[in-house]
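Right, one structure below, let's go through it.
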Number of protein chains: 2
Amino acid sequence: MGNLADRIEEYLKRILEQTSEGYIMLQRSELAGVFSCVPSQINYVLDTRFTVERGYLVESRRGGGGYLRIVRLELGLEGQYQQVMRQLIGEQLSRDRLNGLMERLVNEELVTLREAALIKSILSGDALSGEFRDWDVLRARLMKNILTTLSREDL
Amino acid sequence: MGNLADRIEEYLKRILEQTSEGYIMLQRSELAGVFSCVPSQINYVLDTRFTVERGYLVESRRGGGGYLRIVRLELGLEGQYQQVMRQLIGEQLSRDRLNGLMERLVNEELVTLREAALIKSILSGDALSGEFRDWDVLRARLMKNILTTLSREDL
DNA sequence: AAGTAGAAGGTCAGGAAAGGTCAATAAATG
DNA sequence: CATTTATTGACCTTTCCTGACCTTCTACTT
């Protein structure tokens with residue numbers, strides 16, 4: 001584990017643990033400076049190590065005063081939210097199964113009633129019937145996205 | 001958020017909150033003086049941060065005794081906000097305008113941070129790029145749908 | 001009333017300051 | 001030796017900042 005990418009990874013995870021906000025902000029070029037490497041190396045580390053699957057979310061902004069923001073997802077809830085849900089959702093998600101899922105999420109108090117109504121209003125697709133190739137596949141993808149968002153530690 | 005534009009934005013929002021009239025009046029060159037920048041920088045900030053989507057209106061007058069006037073638009077609590085929003089959204093809704101709208105809804109405390117993140121995660125379309133014919137049109141339709149849902153009394 | 005000088009604010013193009021992408025190469029691994 | 005993983009550098013996009021030049025308004029002069 002002595003290579004550059006691994007060291008940058010460790011470094012980021014260490015300061016990420018020390019913070020209480022659930023996220024850190026930094027500048028790509030600055031970090032590259034610390035490790036004396038090209039800036040794009042940072043992207044490599046972020047792309048390979050700080051993925052959603054591993055429990056992280058990365059946001060950024062370009063231009064003057066730009067930044068990178070690495071958000072940690074709640075590992076505690078990840079069991080409930082992500083692993084279980086992902087398996088449950090699979091590649092496709094029918095309207096009925098969506099409703100079942102939402103009910104369960106509300107019962108377990110992982111989402112509020114309002115949030116549930118919101119999600120259903122979008123994913124039930126009344127407003128959009130006929131727009132998509134395969135609505136069930138889309139619904140599954142969106143639902144995973146939603147769960148990932150809801151497990152952000154900074155919300 | 002250390003860059004100039006962000007600082008000017010904060011400054012303006014702060015004095016805008018402290019006033020009771022709902023608007024502020026100031027001179028472009030004077031403000032530019034406060035931040036030691038060129039006057040056109042002020043226009044940049046106004047154009048990018050104080051848009052209608054975000055709930056602001058900017059009026060101005062040239063010539064001797066000219067001024068800038070920034071008006072904060074409140075969304076009436078009476079559910080008329082839906083109409084306002086519908087008009088604002090129109091037939092198409094770009095990502096940038098969506099973000100502006102969401103910021104406003106959060107500011108007005110009509111949606112929570114979580115709800116905002118949720119909506120953005122779906123409508124920003126990262127997960128679905130290439131799926132749709134016209135994503136801006138879709139985004140507008142979905143957003144209207146969402147607002148309708150959120151204005152339900154029983155949630 | 002007409003003209004004009006000065007005092008605002010407006011526009012736009014260009015450059016600088018971030019971060020992003022991709023393909024070529026090098027290193028490690030099996 | 002083959003394949004995956006890491007590293008680099010050239011080039012791109014987005015966001016910000018500045019300065020030159022333009023338009024509008026007021027006030028004053030004639």
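In what follows, chains are A, B, ... by sequence order, proteins preceding strands, each numbered from 1.
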For the pair made of [atom1] in [X] and [atom2] in [N], what is the distance, rounded to whole Å?
| X | N | atom1 | atom2 | value |
| --- | --- | --- | --- | --- |
| B/Asn99 | D/dT14 | CG | C1' | 14 Å |
| A/Leu4 | D/dT8 | CG | P | 6 Å |
| B/Leu68 | C/dT11 | CG | P | 12 Å |
| A/Glu59 | C/dA18 | CD | C1' | 17 Å |
| B/Arg28 | D/dG19 | CZ | C1' | 12 Å |
| B/Tyr67 | C/dA7 | OH | P | 20 Å |
| A/Asp47 | D/dA6 | CG | C1' | 13 Å |
| B/Ile8 | D/dT18 | CD1 | C1' | 12 Å |

For [N] and [X] - does any side-chain N or O of the residue sit under 4.0 Å from the phosphate oxygens OP1/OP2?
| X | N | result |
| --- | --- | --- |
| A/Arg61 | C/dG20 | no |
| A/Tyr44 | D/dA6 | yes |
| A/Gln41 | D/dA6 | no |

Mind checking [X] for me? I need base, sugar-phosphate or nothing, with any heavy atom below 4.0 Å counting as a touch.
| X | answer |
| --- | --- |
| A/Asn43 | base |
| A/Ile42 | nothing |
| A/Ser29 | sugar-phosphate |
| A/Gly66 | sugar-phosphate |
| A/Arg49 | sugar-phosphate |

Tell me whether the NZ or CZ atom of A/Arg69 lies within the 45° cone about the ring axis of A/Tyr23 and under 6.0 Å from its centre. yes

Cation-pi check, B/Arg72 onto B/Tyr56 ring (under 6.0 Å, within 45° of axis): yes

Any donor-acceptor pair under 3.5 Å between the side chain of A/Arg62 and the base of C/dG20? no

Ignoring hydrogens and geometry beyond distance, is the side chain of A/Ser60 in donor-acceptor contact with the base of C/dG20 at under 3.5 Å? no

Please indicate whether B/Glu59 has more than 12 foreign heavy atoms, meaning atoms of other residues, nucleotides or ligands, lying under 6.0 Å from its CD. yes

Can we say A/Arg95 and A/Asp136 salt-bridge, meaning some charged N sits less than 4.0 Å from an Asp/Glu carboxylate O? no

Between B/Arg104 and B/Glu53 (salt bridge meaning N to carboxylate O under 4.0 Å), is one present in this structure? no

Of the nucleotides D/dC17, C/dT11, D/dG9, which has the atom closest to the B/Ser40 side chain? C/dT11

Nearest to side-chain heavy atoms of B/Asn3, which nucleotide of D/dC17, C/dA18, D/dT18: D/dC17

Residue mapping more 5' on DNA chain D - nearest nucleotide basis, B/Gly64 or B/Asp96: B/Asp96

For a salt bridge (charged side-chain N to carboxylate O under 4.0 Å, His left out) check, start with the C-alpha distance between A/Lys13 and A/Glu9, then their side-chain angles and the critical distance, and finish with the verdict. CA-CA 6 Å; A/Lys13 288 190 172 164; A/Glu9 176 188 7; 2.8 Å; yes

